[in-house]
Peer 1: 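Input: one structure, supplied below.
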Amino acid sequence: MAKLTVVPTPVGNLEDITFRAIRTLKEADVILAEDTRTTGVLLKHYEIRNRVQSHHKFNEHKTVGQIVERIRAGEKIALVSDAGTPAISDPGFLLVRECVQKGVDVECLPGATAFVPALVASGLPNDRFCFEGFLPLKKGRQTRLSEIAEEERTTVIYESPFRLVKTLVQLSGVCGKDRPVSVSREISKRFEETIHGSLEDVINHFSEKEPKGELVIVLAGNDCREK
């Protein structure tokens with residue numbers, strides 16, 4: 001059946017993929033990939049030889065219409081990002097939206113994403129939480145930080161190793177140095193670790209030990225009493 005299938009891929013260990021995801025990739029007429037080189041490693045590992053096409057934030061605005069028409073014409077298309085679930089702080093939303101608006105079937109497989117393991121491992125309340133993804137780099141950043149400081153739910157933020165300490169310092173400035181936080185890095189990889197403590201503690205840790213890899217910040221809410 002012709003449709004768009006959103007396929008989560010491993011965030012670290014290549015074994016973190018479902019049998020269903022592998023079958024879907026093998027059956028697709030074409031695989032849309034954020035970076036064909038990164039996806040190529042996964043496909044080679046599982047001996048998947050289907051056609052791969054580049055689909056990233058720099059070209060997705062121009063190609064979504066063409067892709068929808070190809071699905072309408074009978075193609076089965078799989079969408080992957082470099083790691084995790086497409087459209088979660090990755091390309092994919094525009095294509096999914098276009099398919100929905102044009103009445104094209106969309107299926108999203110369950111699977112890997114970075115923020116769920118980080119949230120669970122944080123030990124912070126997770127019955128209700130707020131996912132922020134990447135914060136704005138400039139315009140609107142201070143406003144967003146102020147909103148996060150007042151948020152009563154646990155907040156999840158994605159960050160790069162180059163901006164981690166700066167972001168933690170900014171959070172400390174609006175939340176106070178004692179706000180509980182955890183930072184997870186290299187999720188599902190060999191050097192995976194989660195650092196817990198107050199904002200001050202975690203800032204000191206990463207000021208002494210240079211952060212590496214993809215990072216997830218999990219910040220306690222403003223109402224951070226024991227649940």
Side-chain angles (χ1 to χ4, degrees), residues 8-18 38 81-90 92 110-138 140-227:
T9 54
V11 296
N13 193 311
L14 290 180
E15 294 180 359
D16 293 337
I17 190 169
T18 66
T38 300
S81 59
D82 286 352
T85 302
I88 303 295
S89 295
D90 275 329
T113 190
F115 77 82
V116 173
L119 175 61
V120 173
S122 73
L124 296 172
N126 56 27
D127 53 330
R128 298 170 65 243
F129 64 91
C130 176
F131 176 73
E132 283 287 335
F134 289 97
L135 298 177
L137 295 181
K138 294 181 180 179
R141 183 178 177 89
Q142 193 57 46
T143 298
R144 188 74 61 83
L145 288 166
S146 298
E147 292 171 348
I148 290 171
E150 297 302 318
E151 174 61 60
E152 293 187 354
R153 296 168 294 177
T154 298
T155 299
V156 180
I157 302 167
Y158 284 169
E159 192 51 279
S160 81
F162 311 106
R163 295 189 298 268
L164 176 67
V165 172
K166 176 183 177 180
T167 296
L168 292 173
V169 169
Q170 290 177 327
L171 286 170
S172 179
V174 294
C175 299
K177 64 181 182 180
D178 296 324
R179 180 79 67 93
V181 69
S182 79
V183 174
S184 295
R185 72 176 193 91
E186 298 287 76
I187 291 172
S188 187
K189 298 179 183 178
R190 180 180 177 186
F191 297 108
E192 176 180 357
E193 68 173 352
T194 297
I195 306 300
H196 306 84
S198 66
L199 277 166
E200 182 178 38
D201 294 334
V202 177
I203 289 169
N204 289 337
H205 173 86
F206 285 109
S207 295
E208 296 175 3
K209 184 178 179 181
E210 182 181 0
K212 296 180 180 179
E214 296 301 316
L215 298 143
V216 183
I217 301 169
V218 182
L219 180 73
N222 190 30
D223 181 17
C224 55
R225 295 167 294 182
E226 289 264 336
K227 301 291 182 183

Peer 1: Which atom pairs, donor and acceptor, lie under 3.5 Å between side-chain atoms of residues 155-165 and protein residues at least two apart or in another chain?
Peer 2:
{"residue": "Tyr158", "atom": "OH", "partner": "Phe115", "partner atom": "N", "Å": "3.4"}
{"residue": "Glu159", "atom": "OE1", "partner": "Arg163", "partner atom": "NE", "Å": "3.0"}
{"residue": "Glu159", "atom": "OE1", "partner": "Arg163", "partner atom": "NH2", "Å": "3.2"}
{"residue": "Glu159", "atom": "OE2", "partner": "Thr167", "partner atom": "OG1", "Å": "2.7"}
{"residue": "Ser160", "atom": "OG", "partner": "Phe162", "partner atom": "N", "Å": "3.4"}
{"residue": "Ser160", "atom": "OG", "partner": "Arg163", "partner atom": "N", "Å": "3.4"}

Peer 1: Give the table of side-chain donor-acceptor pairs shorter than 3.5 Å for residues 208-218, with sequence neighbours excluded, one pair per line with atom names and distance.
Peer 2:
none

Peer 1: Kindly write out the residues that satisfy salt bridge (charged side-chain N to carboxylate O under 4.0 Å, His left out) with Lys166, not counting sequence neighbours, or none if the list is empty.
Peer 2: none
Peer 1: Asn13: what forms a side chain to side chain contact (heavy atoms under 4.5 Å, CB included) with it, not counting sequence neighbours?
Peer 2: Glu15, Asp16, Ser188
Peer 1: Are the side chains of Thr113 and Val11 in contact, using a 4.5 Å heavy-atom criterion?
Peer 2: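 No. Closest side-chain heavy atoms not under 4.5 Å.
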Peer 1: Suppose we screen for side chain to side chain donor-acceptor pair (under 3.5 Å). Which residues come up paired with Asp90, at least two apart in sequence or across chains?
Peer 2: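 Asp90: side chain to side chain donor-acceptor pair (under 3.5 Å) contacts with Ser81.
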Peer 1: With rounding to the nearest 0.5 angstrom, report the CG to CZ distance, Asn126 to Arg153.
Peer 2: 13.5 Å
Peer 1: Kindly write out the residues that satisfy side chain to side chain donor-acceptor pair (under 3.5 Å) with Gln170, not counting sequence neighbours, or none if the list is empty.
Peer 2: Arg141
Peer 1: Who are the side chain to side chain contact (heavy atoms under 4.5 Å, CB included) partners of Ser198, not counting sequence neighbours?
Peer 2: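 Partners of Ser198 under the side chain to side chain contact (heavy atoms under 4.5 Å, CB included) test: Glu200, Asp201.
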Peer 1: For residues Ile187 and Ala118, report the shortest heavy-atom separation together with the two atoms involved.
Peer 2: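 Closest approach of Ile187 to Ala118: CD1-CB, 3.9 Å.
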Peer 1: Could you note down all residue pairs passing ring pair (Phe, Tyr, Trp, His ring centres under 6.0 Å) where residues 166-221 supplies at least one of them, sequence neighbours left out?
Peer 2: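 Counting only pairs at least two positions apart or across chains, no ring pair (Phe, Tyr, Trp, His ring centres under 6.0 Å) contact touches residues 166-221.
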Peer 1: Crowded around Lys177 NZ? As in, over 12 foreign heavy atoms under 6.0 Å?
Peer 2: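 No, the 6.0 Å shell around NZ holds no more than 12 heavy atoms from other groups.
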Peer 1: For residues Gln142 and Val174, determine if any side-chain heavy atom of one lies less than 4.5 Å from a side-chain heavy atom of the other.
Peer 2: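 In contact.
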Peer 1: What is the distance from atom CG of Asn204 to atom CG of Leu168, rounded to the nearest 0.5 Å?
Peer 2: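 With rounding to 0.5 Å, CG (Asn204) is 10.5 Å from CG (Leu168).
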Peer 1: With sequence neighbours left out, write down each residue that passes salt bridge (charged side-chain N to carboxylate O under 4.0 Å, His left out) with Arg144, or none if nothing qualifies.
Peer 2: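 Salt bridge (charged side-chain N to carboxylate O under 4.0 Å, His left out) check on Arg144 returns Glu132.
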Peer 1: For Thr9 versus Ala83, what's the shortest heavy-atom pair and its separation?
Peer 2: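 Minimum heavy-atom contact is OG1-CA, 3.6 Å.
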Peer 1: Would you give the length of the straight line joining atom CZ of Phe129 to atom CG of Leu124, rounded to the nearest 0.5 angstrom?
Peer 2: 12.5 Å
